[in-house]
Structures are given as C-alpha cells and as structure tokens.
Amino acid sequence: MEAEARPVIEALGLQLDLEAGDPALPHRHFTGRWGKRGETELMLTVNGRDPRHRCDSIGTDPATLSAYVTLKNFKPELCISAGTAGGWASRGAKIGDIFLSRSPLRFHDRRIPIPEFEAYGRGEYPSQDVTALADKLKFKLGNVSTGNSLNHTAEDLEMMVQFESDVKEMEAAAIARVAMLLGTPFFAVKAITDLVDSTHATQEQFLANLDLASERLSTAVIQLLRELAQITT
Ligand code: ADE
C-alpha cells in the first residue's frame with residue numbers, strides 16, 4: 001500500500017521512475033542508490049491504485065504481476081517483500097513488532113483436497129535464512145502465511161494454526177513464488193498492525209495502527225539495508 005511505502009520512499013530519497021515497468025499497469029517503481037558511494041542500486045515497487053476501484057491494489061494478483069515485472073526488468077540480487085501484517089498475541093506478537101520470514105512461506109486460503117494439489121495449494125516457497133539478521137537487529141522470526149482477505153474464515157484459521165503462523169498478510173507467498181521461479185533470493189519483513197486473536201475487528205486495528213506500523217517498517221528496512229550492505233560490500 002502507498003501508506004506502507006511512503007515513509008521508506010521518503011527516508012531513502014527514492015525517485016519515481018516512469019521508465020521502469022509497464023505503463024499499462026498501475027504499479028509504480030521508485031529507484032535510488034544506497035551505501036557510502038551509492039554502490040547499491042535500489043528499486044521499490046508499489047502495486048499502485050486499482051484503476052477500476054480507485055484504491056490500493058492489495059493482494060496476491062497485483063503482487064505476482066508487479067514482482068514479475070520488477071524481477072524480470074531490474075534483475076536484483078535480492079527481493080524483499082516489505083509490508084504490514086497481522087500477528088498473534090498468543091504467539092508473543094505486539095502491535096509494531098517487526099518479523100522476518102522463516103522458510104517456507106505458505107498460502108492459508110488455497111484448499112485443494114486432491115492429493116497431488118494439496119501442497120501446491122499451500123505454496124511452501126523458500127525464504128532466505130535471515131536468522132542472523134533477525135538476531136542482530138532484534139527482530140522476530142516468524143512463519144508467514146498469505147491469503148486474499150484481511151479477515152479470515154474458520155478454515156483459514158485452521159490452516160494457520162496447522163502452519164503455526166506468526167504473520168498473516170496478503171502478498172508475500174505470491175512474491176516468493178515469482179522469486180523462486182526467477183531464481184532471486186527472497187525474504188519478507190513485516191510490521192504488525194493487528195492481532196488476529198484480539199476481540200477487536202481486524203479492520204479497526206489495522207486502520208488505527210497503520211501509520212505506526214509503517215513508520216516501524218521504514219526504520220526496519222533501513223536497518224536491514226545497512227546490515228546487508230556490510231555483508232555484501
Ligand atoms: N495486513 C495487515 N494486517 C493483516 C491481516 N490481519 N491479514 C492480512 N493482511 C494484513
């Protein structure tokens with residue numbers, strides 16, 4: 001979402017690049033440089049506004065499309081899915097916590113009860129092992145699961161309990177699949193806006209905490225870039 005990306009774009013001084021990507025799509029690409037000598041090129045892609053419904057293009061379809069365009073054109077050394085997510089108080093999460101992804105990333109709303117399709121439905125796409133980064137930056141590590149709804153059905157919850165999900169969001173597994181197909185190393189960083197096991201409605205928590213979580217996310221992304229620059233330069 002625009003609101004999730006804005007603090008990162010501003011903090012990194014990224015510029016809108018109208019030449020990157022496909023002008024037919026609502027995605028927006030922002031580019032910039034990072035590091036003492038600007039040695040690291042950055043590209044941040046937001047899925048943009050849906051032209052029909054005039055709201056942010058949330059969910060797995062826009063995520064797949066924008067991940068493909070970004071990874072194919074930009075050919076990055078690393079792809080990070082950064083955004084907000086729901087967490088579980090019963091699993092130790094608090095509003096504003098930062099989680100990095102454990103492998104694998106799964107879908108919790110794709111139920112295909114035919115033996116050869118069950119695992120395909122769950123996805124199970126790889127994340128880089130970011131344990132050392134999480135330890136260094138005091139972020140949490142969590143099992144990430146993706147679906148196309150902000151709230152959840154009883155069946156979704158059953159799957160998330162089975163996955164021992166820590167992080168519930170709407171894009172990461174789809175992006176992880178594209179990254180796997182194109183051979184791009186991948187992980188997710190997610191800031192918690194709402195607690196799935198709270199008695200308060202998800203949308204109310206989400207809207208109340210979006211700005212705080214987006215600020216935390218922006219700080220976390222910059223901390224990650226700083227650490228990654230030390231590893232790769
Ligand atoms: N993004 C933020 N909170 C979420 C939730 N509970 N489910 C899906 N996506 C989210």
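Ligands are counted one by one from 1 in listed order, and the atoms in each one are counted from 1 as well. Reckoned from all heavy atoms, side chains included, excluding hydrogens, waters and symmetry mates. Throughout, numbering of the chain's residues begins at 1 and tracks the sequence. Values in this document were obtained by computation on a predicted structure and should not be read as measured data.
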Could you list the atoms of ligand 1 found under 4.0 angstrom from a heavy atom of Gly86?
2 (C), 3 (N), 4 (C), 5 (C), 6 (N)
Which protein non-hydrogen atom lies closest to atom 7 (N) of ligand 1, naming both residue and atom, and how far is it?
Lys168 NZ, 2.8 Å
Between Lys138 and Asp97, is there a salt bridge with N-O shorter than 4.0 Å?
no
Show the atoms of ligand 1 that are less than 4.0 angstrom away from any heavy atom in Thr84.
1 (N), 2 (C)
With a 4.0 Å cut-off on heavy atoms, does Ser149 reach ligand 1?
yes
Please say which of Asp166, Val144, Val167, Val130 ends up in a side chain to side chain contact (heavy atoms under 4.5 Å, CB included) with Arg102.
Asp166
Going through the distances and angles, do Thr45 and Thr70 end up as a side-chain hydrogen bond (donor to acceptor under 3.5 Å, both in side chains)?
CA-CA 7 Å; Thr45 303; Thr70 303; 2.8 Å; yes
From the candidates Asn151, Asp194, Val196, Asp156, the one that places a heavy atom nearest atom 6 (N) of ligand 1
Asp194
For Thr202, atoms of ligand 1 separated by under 4.0 Å from a heavy atom
6 (N)
Are Leu78 and Leu228 side-chain neighbours, meaning at least one heavy-atom pair lies under 4.5 Å?
yes
Nearest non-hydrogen contact to atom 5 (C) of ligand 1 from the set Leu150, Leu210, Asn209 belongs to Leu150
Looking only at protein heavy atoms, which one is nearest to atom 2 (C) of ligand 1, and how far off is it?
Thr193 OG1, 3.2 Å
Would you say that Pro126 contacts Phe186 through its side chain, given a criterion of any heavy-atom pair below 4.5 Å between the two side chains?
no
Taking Asn143's backbone N and O only, do any of them form a donor-acceptor pair with Arg106's side chain (distance below 3.5 Å, no angle check)?
no
